[in-house]
Amino acid sequence: MSLSQLIETAMYGLSQLFMLPVLLLVTVLFFYAFHALGRFLMQARQRRRGDPRAQELHAALRQDPSLGVTDLEAIAVHRLETLRIATRVGPMLGLVATMIPMGPALMALSDGQLQEVSRNLMIAFSAVILALIASAITYWVVSVRRRWLATELADIEKRGCRSAAREQGAAPYDDPIAPLAAEGVQ
């Protein structure tokens, strides 16, 4: 066996080792997406009813009034981090889950084993579909939640500017950019 064939065989074997972990990750991602969707729908309902629990940054500020805008931005980024990762990783896992069974499917096709070909293709396409559905759901959730958090942050900044101006006896907006920034996220 030549060095080239040895490397190819090793790469094929190594890639097949990743099939089960990738399928498990796609499954976890799929269920996580629906979990995130459920939490999102609950928060949307709370926001519609005016429930203060839905205002995540306001709640963080009530717990620790010493938090600054930068701290609140860090909290917002942290709250969206898992969703953002799921959104980006989903299509990659779907592609990997599609490509891994293609090798055995092509080998089965060359041997005339059509049932094995269809089994491998079924796995490949099912995995990519589930991964893309999960990514679409988490993308939508993260996009809306990002807007909600930006609006909350702008509201907190606006209130902070007003209270600081009242304390100093100045006009609420000495900074000409502040009202534009707050307006842009609503």
Side-chain angles (χ1 to χ4, degrees), residues 1-49 51 53-57 59-60 72-153 185:
M1 184 182 281
S2 72
L3 181 61
S4 173
Q5 289 174 329
L6 185 64
I7 291 172
E8 289 170 6
T9 304
M11 289 180 74
Y12 174 78
L14 188 61
S15 72
Q16 294 306 304
L17 288 176
F18 285 100
M19 186 62 182
L20 182 61
V22 169
L23 290 177
L24 288 174
L25 285 172
V26 167
T27 304
V28 167
L29 181 67
F30 185 74
F31 287 115
Y32 171 75
F34 280 96
H35 170 74
L37 180 63
R39 289 182 62 200
F40 168 78
L41 293 173
M42 181 83 104
Q43 188 178 12
R45 183 176 178 204
Q46 289 173 335
R47 288 177 66 86
R48 221 173 321 154
R49 291 181 173 181
D51 189 338
R53 291 178 295 178
Q55 305 289 324
E56 298 175 62
L57 297 180
L72 293 171
E73 287 174 353
I75 290 170
V77 168
H78 178 72
R79 299 259 169 99
L80 295 175
E81 192 168 25
T82 305
L83 283 167
R84 291 180 68 229
I85 290 170
T87 298
R88 287 179 171 81
V89 168
M92 291 182 235
L93 288 175
L95 178 62
V96 171
T98 301
M99 298 311 293
I100 291 173
M102 288 298 190
L106 292 173
M107 287 174 53
L109 182 63
S110 69
D111 293 341
Q113 301 171 347
L114 294 179
Q115 191 156 0
E116 189 66 22
V117 172
S118 66
R119 188 184 74 76
N120 281 306
L121 291 178
M122 180 183 69
I123 292 169
F125 291 119
S126 298
V128 76
I129 288 168
L130 294 180
L132 290 174
I133 288 171
S135 292
I137 291 169
T138 56
Y139 178 76
W140 180 63
V141 170
V142 80
S143 295
V144 175
R145 287 198 62 216
R146 183 184 304 129
R147 179 179 43 87
W148 288 349
L149 290 168
T151 303
E152 265 189 78
L153 191 58
V185 293

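Here, residue 1 is the first one in the sequence, and each next residue gets the next number.
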Just verifying a value: how many Å separate [X] [atom1] and [Y] [atom2], rounded to the nearest 0.5 Å?
| X | Y | atom1 | atom2 | answer |
| --- | --- | --- | --- | --- |
| Leu121 | Ser126 | CG | OG | 10.0 Å |
| Ile85 | Thr138 | CD1 | OG1 | 11.0 Å |
| Leu20 | Leu25 | CG | CG | 9.5 Å |
| Arg145 | Arg84 | CZ | CZ | 12.5 Å |
| Leu106 | Asp111 | CG | CG | 11.0 Å |

For [X] and [Y], work out which heavy atoms get closest and say how close.
| X | Y | result |
| --- | --- | --- |
| Val22 | Leu93 | CG1-O, 3.7 Å |
| Ala124 | Pro101 | CB-CG, 3.8 Å |
| Met19 | Ala97 | CE-O, 4.2 Å |
| Ala33 | Ile137 | O-CG2, 3.5 Å |
| Arg45 | Arg49 | NH2-NH2, 2.7 Å |
| Leu57 | Ala76 | CD2-N, 4.2 Å |

Please enumerate all residues that pass salt bridge (Lys or Arg N to Asp or Glu O under 4.0 Å) together with [X], with sequence neighbours excluded.
| X | answer |
| --- | --- |
| Arg146 | none |
| Arg79 | Glu56 |
| Arg53 | Asp51 |

Exercise for review: Check the pair Arg147, Val144 against side-chain contact (heavy atoms from CB on, under 4.5 Å), reporting the backbone distance first and the verdict last.
Suggested key: CA-CA 5 Å; Arg147 179 179 43 87; Val144 175; 3.6 Å; yes
State, with a plain yes or no, whether a side-chain heavy atom of [X] is found less than 4.5 Å away from one of [Y].
| X | Y | answer |
| --- | --- | --- |
| Leu37 | Val141 | yes |
| Arg47 | Gln55 | yes |
| Gln43 | Arg39 | no |
| Pro91 | Leu132 | yes |
| His78 | Ile75 | no |
| Ile133 | Ile129 | yes |

Check your understanding: side chain to side chain contact (heavy atoms under 4.5 Å, CB included) with Leu109: which residues, sequence neighbours excluded?
Key -> Leu114, Val117
Exercise for review: Count the heavy atoms belonging to other residues, nucleotides or ligands that lie under 6.0 Å from OH of Tyr32, then report whether that count exceeds 12.
Suggested key: yes
Review point. Is the number of heavy atoms from other residues, nucleotides or ligands within 6.0 Å of CE (Met102) greater than 12?
Key: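 Correct, the count exceeds 12.
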Practice item. Give the ring-plane orientation class for Phe40 versus Trp148, where under 30° counts as parallel, over 60° as perpendicular and anything between as tilted. Key: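 Taking Trp148 first and then Phe40, their aromatic rings lie parallel (interplane angle under 30°).
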Review point. Given the rule in the side-chain contact (heavy atoms from CB on, under 4.5 Å) test, do Leu23 and Ile123 qualify, once you have shown the distances and angles that lead to the verdict?
Key: CA-CA 9 Å; Leu23 290 177; Ile123 292 169; 4.1 Å; yes
Review point. What residue pairs, at least two apart or across chains, pass side-chain hydrogen bond (donor to acceptor under 3.5 Å, both in side chains) with a residue in residues 11-20?
Key: none
Exercise for review: Mind checking side-chain hydrogen bond (donor to acceptor under 3.5 Å, both in side chains) for Arg119 and listing every partner two or more places apart, or none if nothing turns up?
Suggested key: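 Counting only residues at least two positions away or on another chain, Arg119 forms a side-chain hydrogen bond (donor to acceptor under 3.5 Å, both in side chains) with Glu116.
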